[in-house]
Every structure is written in structure tokens, then in C-alpha cells.
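Report on the following structure.
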Amino acid sequence: MSKKKWLTAGIAMLSVMTLAACSNGKSSESGAGKHVSMSATYSGPGKATTAGNNSTLKIAEVNDAPFAGIFAPTLVTNAEDSDVFSPGGEGSLFNVGKDYKIIDRGLANQKINRSAKTITITLRKDAKWSNGAKVTAKDVEYPYEIIGNKNTTSQQYSADYAAIKGMASYHAGKAKTISGITFPDGQNGRTTVIHYSKMSPSMKYAGNSFVWTTVEPYEYYKGIPIAKLASSSKVRKNPIFIGPYKLDKVVQGESTSWSPNKYYYGKTPKVKHITIQVVSTNNALAAFKSKKYDFVAGGANSVMPSSQYPKFKKLSDYGIAGTPSMGYDYFGFNVGHMDTKTGLNVMDKNSKMANKNLRRAMIYAANVNAVEKKFGNGVSWQANTLIPPAFKDVYDAKNPGFKYNMKKAKSLLDKAGYKKSGKWRTDPNGKKLVIHLGAMQSSAATEAEYQFYLQQWHKLGLNVKMTGGKPMEMNSFYSTLQKPKQTSIDVFLASWSLSTEPTPTQIYGVDAPFNMGHFATKKNTALMKSLNNNKAWNAKYRAQQYKKWQRYMNSQAAYAPESFSMAWSPVNKRVKGYSVAPTNNEFWSNLSLTAANPK
């Protein structure tokens, strides 16, 4: 399948571009399905050459819509934007170890003081932006202002940030600054201290929902109202970066071009030019056959049509790179709205999809496993929970998920009062029931998947139609779901690109803008809080609570798992030094080329 993903908190932290290498052809068990295993490194034969490194590394952004063109990590929502701007370092503050724990020697170091309830972030002395300006303590703090601002367009805020002292008042518009973030050596210094009302074990990991792990250039953006940042030329046309490459050119929605950033603090990149260009899922195979690209953008959340995997694998001048994705595909149901006054998601008892047995019946009837057997080819498989197996410490491998059971699906609807009246079932009040499915334009195989689900739901007796009669353009799809209240989409198929720490508060929290189905219960809030409470410093307890949350979410089915996948890519044999191990904090700088053009 190939449904492009939305970013969750801290995805920009993935400066390690989680890509891997050639398939060994073996299969391995993971929860609800089997998948092929792939190596974490790839290096083509021969030595890198001057001609190769002086040429252009050509990368494909496989997507069926233009990218939005927002670089700022706090404001970006579509994974495509993160992909096409990734050579710029994605604003990442920290280096990570093998399990994505924050380690020293990145743009900054982090020190956690549990007793004082503080985190101290200290920038390296040579930290500079790609325009030569110094990276300052204020640049570390400014993202919190953007995320928490009452008028922001950022989608990243959640209750976890309210653990920062003063953030709740700032978020409510009652304070102009965040009192709990201080600068011991001044705003232009190197040190930022964040004061918390509580500490969380997730703070040790990059991409957590308490510590924002990227910088934003305060002096560069200063004077632009936060509400207008996303539309400003400094974000869309002339962004600046802290990574190994600087932006040379952006063709809006189509491509980005890069050259080495002379102010980069880390390892000097070898390749002198990079281009990243959008190519549709249906045209991707032909483009690689003609050797137009070296590999695919997206790393640990790269999206490629699994139906085409066998043909890509046969390309003689490419290896196949892959790693278990930290993202997943899911079914979402519209069960409420966002209260714009309080900023809280509210469930509507009388909404069309309010009955959990209707939702559960639809998932049991969908027969996802049949879809994955037909199109998955070992690189995607039916998911059983809303936590991917890539997070092995907290993933519930024993959870049965929603195995196909049409008999059970019909029984759930019968007991809930959805009775047949002719061809279709009515709602429990005897009224006509028409359910609208929202899904994105994609590959031919993925759109065949949509039709299969419609067929299955028709067998169940539910009159389900596509919103607007056909798949939606990606940006239109998400702009519809983003509305505080909408009634045109009842059930939707979408995907998440998770950060390297799986706390789900920013996706499914009561105050999360990303909670586009508006699911909100006291039990869900309590379970998510338990993932990072004081007891959760005990790894066994935390894993236990994660599994309780996964079981609870399946029982409610307001969001339900569809598929897990490998994040995979063809990699041309002229590419050397290609590694997606988390410890490879210099993904871009470690690349080199053996020839002037893809082989």
C-alpha cells in the first residue's frame, strides 16, 4: 500500500534518515504477520570518485501530490515536507544512540535532573545557521513559543507540554512568555533550562512529547507574527538550516536542490549536489528502471507501493534497502469535533459513528489480511495495534487485533440495532444510514484496496460510499480532516509517521490537533498519562501500561490498525556509505558516489 503519512511530534528528530539495505530474502514473525528482513547498511562496489562526488545525488520523493513546502519543524505536518528538506538537518538538536536515546556530541547536549525537575540543553560553541548566524539559547526556546501560541498553525501541542512551568498560561494567552524556560547566560548564550512540574522517562529519548528536539531561528523569524509564519517567505522560499546541506532552490511542490553548508558543525559532506524530486507511485518503477534516481526519500517512514516490490527487487543495478517502519496505516472514525474555545476534542454521542460496535464491525469485516496477502509482498502486513513492532519494548505482539470475522461483524451490528431494511442496514433509530469513506489518491493497487473495503462493508449490509465519489487529493483530504468540525468524512484511511519515541499523546490526546477523529475519553487520557508518570521510570511497568493502552484502543476502535510495513527503497550501486542504523547520526555526510550518474 502507499498512503502518505502525517508527521507526529519530533519526526524532524530523524536526522538519522532511517534507511537500510539489501533484502536477504528471509521472513520473520512480527505480531499479526510475516515480513521480509532487510539489512541496515548498503555500500555499492568500488571506490568513491571525485567525478562521482562532484555530481548530483538524485533522490525520489514518491508521492501522488505536491509537497506543501513548509520547512519549519514546528509547523510541518506532512511527511513529504520533512523528506524534501531533510538534507538541511531538520533542525535536530541531539545525536542518538542505538535505541534513540539522546547522547552527547550533537548540535547540543541534554542533561536531565530528576530531583530539580529540570532539563538543561547546552549548545556546542560552533553551532551556526546556514546563513552564518550563531545558534542561540533563544533558538532552542522559540519552538515552544510557536507550538504553544494561542494563534499558531502548528499541530504539535498536547497536554504533555503543559508539564513545562508557565506553558499552560502561555497557551491560554494569559502570559506573553513561558516562565519555565530560562537562559542562565542570556538569550544569545548557549544554555537553555526547562523547568517542569513533573518528569517523564520518555525525556531520555529523541522525539518525545515533553522536550521539543529541534531549533527554530528566532532572529531570522523575528517580526513575523507566529500565526503568519507558515505562509512567510522565510519559511517557504528562503529557509535556513543547521545541517550538512543548504537549500539552493525550491520548485514549489516539485523539487528541492542542495549544496554543502560551509557553516555545518559536523562532518563535511562529500557529495556536492543533491536533488529531491516528487514522482508519483504509478511512475516510480519506470523512473528507477531508467536510472533517473539513486534512492527514495523518507527513511524510517519512506512510503513505497508494496505491490511493486517484486519488480523493484529485480532491478539489476539497485539493491533494496529497508527497515521496519516506525509508521503505520490506520482506520479513523469521525466521532466528534474540536471545541475551538477550549481547544479540546469532544465526542458527540449522536454522531453517525458514535457506536463502537459499528466501528468494530467495520474493521472485523474489512479483511485486511486478504489485502496484504494480495498486495503486501512481505513488505506490508496486517497490523494488530496502534504501536508498531519497531518499538519492541512496548509493542503488544500478543494482541489478536482484528482478524477477519464477518460472522462476528454481523452479530455486533445486529445486537447494536443496525437492522437490515432491504439491501442496507438502518441506524438503531430505523433511519437511513449512508457512511462516507475518505481516502487519498494513490497507486492503482491502493485504490483497488479501497474498492475491496467498500465491497466488504457492502457484504456487511452497510451503505458505504467514497466522499465525493472518488479518492481525494492528499492536501484536500487532510485539510478536510483538520477542520474543527466536519461531516463529509465518516471513516478515513490514513497513516502516521511516528517519532523515535512512541508516546501517543500528540496523536490521540484530548487536546491534540492531530486527533482528527476527535476521540476523547477519561480512560484514554488516564492510560496515556500512565505511560509517563513517576511509576513509568520502571521499564516493566511502562511496557505493561502501553499494552493496556493498545488493548483499550482496539476495544473502542475509534482508531484501528490497518497495516505495518517495511520502510524500503531501491538504492543504486553507485552509492556508498548508506546506513540507517540509529547510531548513524551523519547519514548525509557519510554518503559518497562511485560514478557521475546512476549505474
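Residue numbers start at 1 and run along the sequence shown. Quick caveat, the model's predicted, so the values are computed rather than measured.
In this structure, Phe452 has no ring-ring contact (aromatic ring centres under 6.0 Å, His included) partners at least two apart in sequence or on a different chain. Applying the side-chain contact (heavy atoms from CB on, under 4.5 Å) rule to Thr467 yields the partners His436, Met472, Ser488, Ile489; only residues at least two apart in sequence or on another chain are considered. Taking the ring-ring contact (aromatic ring centres under 6.0 Å, His included) definition, one finds that Phe519 meets it with nothing, sequence neighbours left out. Remark: Tyr205 pairs with no residue by the ring-ring contact (aromatic ring centres under 6.0 Å, His included) rule, at least two apart or across chains.
Between Tyr578 and Phe295, the distance from one ring center to the other falls under 6.0 angstrom. In summary, the aromatic rings of Phe331 and Tyr453 are positioned with their centroids under 6.0 Å apart. You'll find the ring centres of Phe288 and Phe312 inside the 6.0 Å limit.
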Evaluate Val250 against Phe71 for side chain to side chain contact (heavy atoms under 4.5 Å, CB included), listing each step before the verdict. CA-CA 11 Å; Val250 57; Phe71 159 68; over 6 Å; no
One pair to check against side-chain hydrogen bond (donor to acceptor under 3.5 Å, both in side chains): Trp424 and Thr426. What are the steps and the verdict? CA-CA 7 Å; Trp424 306 120; Thr426 61; over 6 Å; no
With side chain to side chain contact (heavy atoms under 4.5 Å, CB included) as the test, would you mind laying out the steps for Gln482 and Thr480 before giving the verdict? CA-CA 5 Å; Gln482 265 188 291; Thr480 300; over 6 Å; no
Determine, step by step, whether Asn475 and Glu473 satisfy the side-chain hydrogen bond (donor to acceptor under 3.5 Å, both in side chains) criterion, reporting the C-alpha distance in whole Å, the side-chain angles of both residues, the deciding distance to 0.1 Å, and the verdict. CA-CA 6 Å; Asn475 295 304; Glu473 189 274 334; 3.0 Å; yes
Going through the distances and angles, do Phe391 and Leu498 end up as a side chain to side chain contact (heavy atoms under 4.5 Å, CB included)? CA-CA 10 Å; Phe391 300 102; Leu498 301 183; 3.8 Å; yes
For Val335 and Asp348: C-alpha separation, side-chain torsions, deciding distance, then whether side chain to side chain contact (heavy atoms under 4.5 Å, CB included) applies. CA-CA 6 Å; Val335 296; Asp348 300 329; over 6 Å; no
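Between Ala361 and Leu460, the closest heavy-atom pair is O-CD2, 3.8 Å. Taking every heavy atom of both residues into account, Ser306 and Pro310 meet most closely at O-CD, 4.0 Å. Residues Thr281 and Gln308 come closest through the heavy atom pair O-NE2, 3.2 Å. Nearest heavy atoms, Ala557 versus Phe333: O-CD1, 3.2 Å. Closest approach of Pro305 to Trp568, counting heavy atoms only: O-CZ2, 3.6 Å. Heavy-atom minimum distance, Ser202 versus Asn208: O-CB, 3.1 Å.
Looking only at side-chain heavy atoms (C-beta outward), Leu413 and Lys410 stay at 4.5 Å or farther from each other. When side chains are defined from C-beta on, Met38 counts as touching Met566, because their heavy atoms get closer than 4.5 Å. Side-chain atoms of Met326 and Pro388, non-hydrogen and from C-beta on, never get closer than 4.5 Å to each other. Using a 4.5 Å heavy-atom threshold, the side chains of Met362 and Val491 count as touching. Looking only at side-chain heavy atoms (C-beta outward), Trp549 and Tyr508 come within less than 4.5 Å of each other. No side-chain heavy atom of Tyr318 sits less than 4.5 Å from a side-chain heavy atom of Tyr42. Residues Ile274 and Ser257 are not in side-chain contact: their nearest non-hydrogen atoms beyond the backbone lie 4.5 Å or more apart. Between Ser380 and Phe564 there is no side-chain heavy-atom pair separated by less than 4.5 Å.
Of the charged side-chain nitrogens involved, at least one lies within less than 4.0 Å of a carboxylate oxygen, so that Arg542 and Glu501 count as a salt-bridged pair.
The salt bridge (Lys or Arg N to Asp or Glu O under 4.0 Å) test with Asp317 is passed by exactly one of Lys291, Lys289, Lys599: Lys291. Just one residue in the list Lys573, Arg574, Lys576 forms a salt bridge (Lys or Arg N to Asp or Glu O under 4.0 Å) with Asp294, and that residue is Arg574.
Atom CZ in Phe477 sits 4.5 Å away from atom CE in Met440 (nearest 0.5 Å). Note that the CG atom of Asn357 and the CG atom of Asp414 stand 11.0 Å from one another [nearest 0.5 Å]. Considering OG of Ser82 and CD of Glu61, their distance stands at 9.5 Å, rounded to 0.5 Å. Distance check: Tyr328 OH to Leu386 CG gives 4.5 Å after rounding to the nearest 0.5 Å. Expressed to the nearest 0.5 Å, how far CG of Asn524 lies from OG1 of Thr521 amounts to 4.5 Å.
Residue pairs meeting the salt bridge (charged side-chain N to carboxylate O under 4.0 Å, His left out) criterion with at least one partner in residues 350-362, sequence neighbours excluded, are Lys352-Asp490. Under the salt bridge (charged side-chain N to carboxylate O under 4.0 Å, His left out) criterion, no residue pair touches residues 426-447, with sequence neighbours excluded.
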